[in-house]
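Step one of this worksheet: look at the structure below.
If you're wondering where the values come from, they're calculated on a predicted model, not measured in any experiment. Convention: sequence-line order gives letters A, B, ...; per-chain numbering from 1.
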There are 2 protein chains.
Amino acid sequence: MAIPEGTAPDALATAALADDLSFLLARANALSLAAGNSALAPLGLRVRSYSVLALAADDGARPTQRELAEFLRLDPSQVVALVDDLQRRGLVERRPDPSDRRANVVVVTDEGRALHQQAVAAAAAAEHDLHAGLDAHDRAQLAALLRRIAFPD
Amino acid sequence: MAIPEGTAPDALATAALADDLSFLLARANALSLAAGNSALAPLGLRVRSYSVLALAADDGARPTQRELAEFLRLDPSQVVALVDDLQRRGLVERRPDPSDRRANVVVVTDEGRALHQQAVAAAAAAEHDLHAGLDAHDRAQLAALLRRIAFPD
DNA sequence: TATTGTTATACTCTATAACTATA
DNA sequence: TATAGTTATAGAGTATAACAATA
């Protein structure tokens, strides 16, 4: 059976856990991940593979697999599988890094760029539903606060 | 190999994905989950089992397994395994719901309540590190924004 | 008929170690 | 000696279907 959608019971809404930042983060992320995966499924992508494709398609990023792993908080061995899949489908290519021949730079193909554009639209539509209760100012504020947790420098 | 800690490469920090709310949510949650699990490990708990224990220990909540599943966004079959584990260790008990004999209410034992108190302290310490960059006002604001995504009513 | 808890199963994701080629 | 990518594997988490007891 699928994880039930819908709202939580009122008795639990007032529980101490419901005010816990980590719990709210986990629950919000679970909803976001589910919405993202189902929006990307028609394109043969999941949130994971979409993220790799998006970084490969970002001009000027030219990420190595190691950088992808660190940025996406994945193990390098998981990046291997994700890049394998995208490469098999002709969406990205591995190019040796001229400055370090151990490293592969992951670059998008023309086909990958086209799919990425569709995926951005699909992901944006899914986010729109998820953040329906937030206006542009709220979203910017939320992004700024989350960034300080996600990238503590 | 473990997922590498530390900061992300600068070239990717300016990528479009780095401004995506869903991505920031995912990365912040990954850090939060890792910190929580490692803080709770000495008590034999993980974030999952801690959440179930916390709701069972919340006075007035008296959640059924179904309510736990919905609130924590878990499949009911996963709740079975989590409650089995906590019950085996004498931390919670299943009690038949008087108003619906199909349902089990999950209630904390004295031993469970004692462990829960330790766990709250451990989790709070882990959160403190994670949210070191945020003051009380920031945290309250973040919680309010996340709640609107986590519980869209 | 529908729902709660349960069992079973398959699949995905996560974590760890070891190997190779380069640095 | 250390690092990038790769392979292999075990464990944790997720998704789905079916069943007994109860509503």
Side-chain angles (χ1 to χ4, degrees), chain A residues 1-6 9 26-27 29-31 33-34 36-38 40-41 44-52 62-88 92-106, chain B residues 1-6 9 26-27 29-31 33-34 36-38 40-41 44-52 62-88 92-106:
Chain A
M1 177 187 165
I3 293 167
E5 283 273 353
R27 194 176 148 107
N29 182 57
L31 292 170
L33 197 61
N37 279 333
S38 85
L40 292 167
L45 294 171
R46 301 177 60 79
V47 167
R48 282 288 183 73
S49 45
Y50 167 70
S51 300
V52 170
R62 301 189 66 83
T64 66
Q65 295 189 187
R66 215 70 182 187
E67 289 169 332
L68 290 172
E70 196 174 347
F71 195 68
L72 299 174
R73 284 200 56 81
L74 300 174
D75 189 275
S77 65
Q78 300 172 242
V79 175
V80 171
L82 288 166
V83 174
D84 279 352
D85 175 59
L86 294 173
Q87 188 172 40
R88 207 175 295 122
V92 303
E93 287 174 5
R94 286 174 165 97
R95 301 244 185 95
D97 184 341
S99 70
D100 185 342
R101 283 186 300 164
R102 292 173 303 180
N104 294 330
V105 171
V106 180
Chain B
M1 177 187 162
I3 293 166
E5 283 273 354
R27 194 175 149 107
N29 181 58
L31 292 170
L33 197 60
N37 279 333
S38 85
L40 293 167
L45 294 171
R46 302 177 61 78
V47 168
R48 283 290 183 70
S49 44
Y50 167 70
S51 300
V52 170
R62 301 189 67 81
T64 65
Q65 295 189 188
R66 214 70 181 189
E67 288 170 332
L68 290 172
E70 195 173 346
F71 195 67
L72 299 174
R73 283 200 58 80
L74 300 174
D75 189 275
S77 64
Q78 300 172 242
V79 175
V80 171
L82 288 165
V83 174
D84 278 352
D85 174 59
L86 293 174
Q87 188 172 40
R88 206 175 296 120
V92 303
E93 287 174 5
R94 286 174 165 97
R95 301 244 185 95
D97 184 341
S99 69
D100 184 343
R101 282 185 300 165
R102 291 173 303 182
N104 293 331
V105 171
V106 180

**Request:** Start with the C-alpha distance between B:E67 and B:V79, add both sets of side-chain angles, then the distance that settles side-chain contact (heavy atoms from CB on, under 4.5 Å), and finish with yes or no.
**Result:** CA-CA 10 Å; B:E67 288 170 332; B:V79 175; over 6 Å; no
**Request:** Dump the intermediate steps for side-chain contact (heavy atoms from CB on, under 4.5 Å) on B:D97 and B:Q65, then the final yes or no.
**Result:** CA-CA 11 Å; B:D97 184 341; B:Q65 295 189 188; over 6 Å; no
**Request:** Please lay out, stage by stage, how A:V106 and A:L86 fare under the test side-chain contact (heavy atoms from CB on, under 4.5 Å).
**Result:** CA-CA 10 Å; A:V106 180; A:L86 294 173; over 6 Å; no
**Request:** Verify side-chain contact (heavy atoms from CB on, under 4.5 Å) between B:L72 and B:V52, making sure each step is shown before the conclusion.
**Result:** CA-CA 8 Å; B:L72 299 174; B:V52 170; 3.8 Å; yes
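Between the CG atom of B:L68 and the P atom of C:dT6 there is a distance of 12 Å, rounded to whole Å. With rounding to whole Å, B:L82 atom CG is found 14 Å from C:dG5 atom P. The distance between atom CG of B:D97 and atom C1' of C:dT4, rounded to the nearest whole Å, is 10 Å. With rounding to whole Å, B:E70 atom CD is found 12 Å from C:dG5 atom P. When the P atom of C:dC13 is taken as reference, atom CG of A:D75 falls 14 Å away, rounded to whole Å. For B:Q87 and C:dT6, the CD to P distance is 9 Å, given to the nearest whole Å. One atom, CG of B:D85, and another, P of D:dA12, lie 11 Å apart when rounded to the nearest Å. When rounded to the nearest whole Å, the span between CD of A:Q78 and P of D:dT6 equals 14 Å.
Here A:R46 reaches the OP1 or OP2 of C:dC13: one of its side-chain N or O atoms lies under 4.0 Å away.
At a threshold of 4.5 Å between non-hydrogen side-chain atoms, the residues B:S51 and B:V47 count as touching.
Heavy-atom nearest nucleotides on DNA chain C were determined for A:R101 and for A:S77, and the one closer to the 5' end corresponds to A:S77. Where A:V83 and B:N37 each meet DNA chain D at their nearest nucleotide, the meeting point lying more 5' is that of A:V83.
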Can you name the atoms? Protein N/O to nucleotides 1-5 of chain D N/O, anything below 3.5 Å, with the distance.
from, atom 1, to, atom 2, distance (Å)
D:dT3, O4', A:R102, NH1, 3.2
D:dT3, O2, A:R102, NH1, 2.8
D:dA4, OP2, A:R66, NE, 3.1
D:dG5, OP1, A:Q65, N, 3.0
D:dG5, OP1, A:N104, N, 3.0
D:dG5, OP1, A:N104, O, 3.2
D:dG5, OP2, A:R66, N, 2.6
D:dG5, O3', A:N104, ND2, 3.2
D:dG5, N7, A:R66, NH1, 3.3

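In this view, B:S77 and B:D75 satisfy the side-chain hydrogen bond (donor to acceptor under 3.5 Å, both in side chains) rule, not counting sequence neighbours. Scored by the side-chain hydrogen bond (donor to acceptor under 3.5 Å, both in side chains) test, B:D85 finds B:R89 as partners (sequence neighbours excluded).
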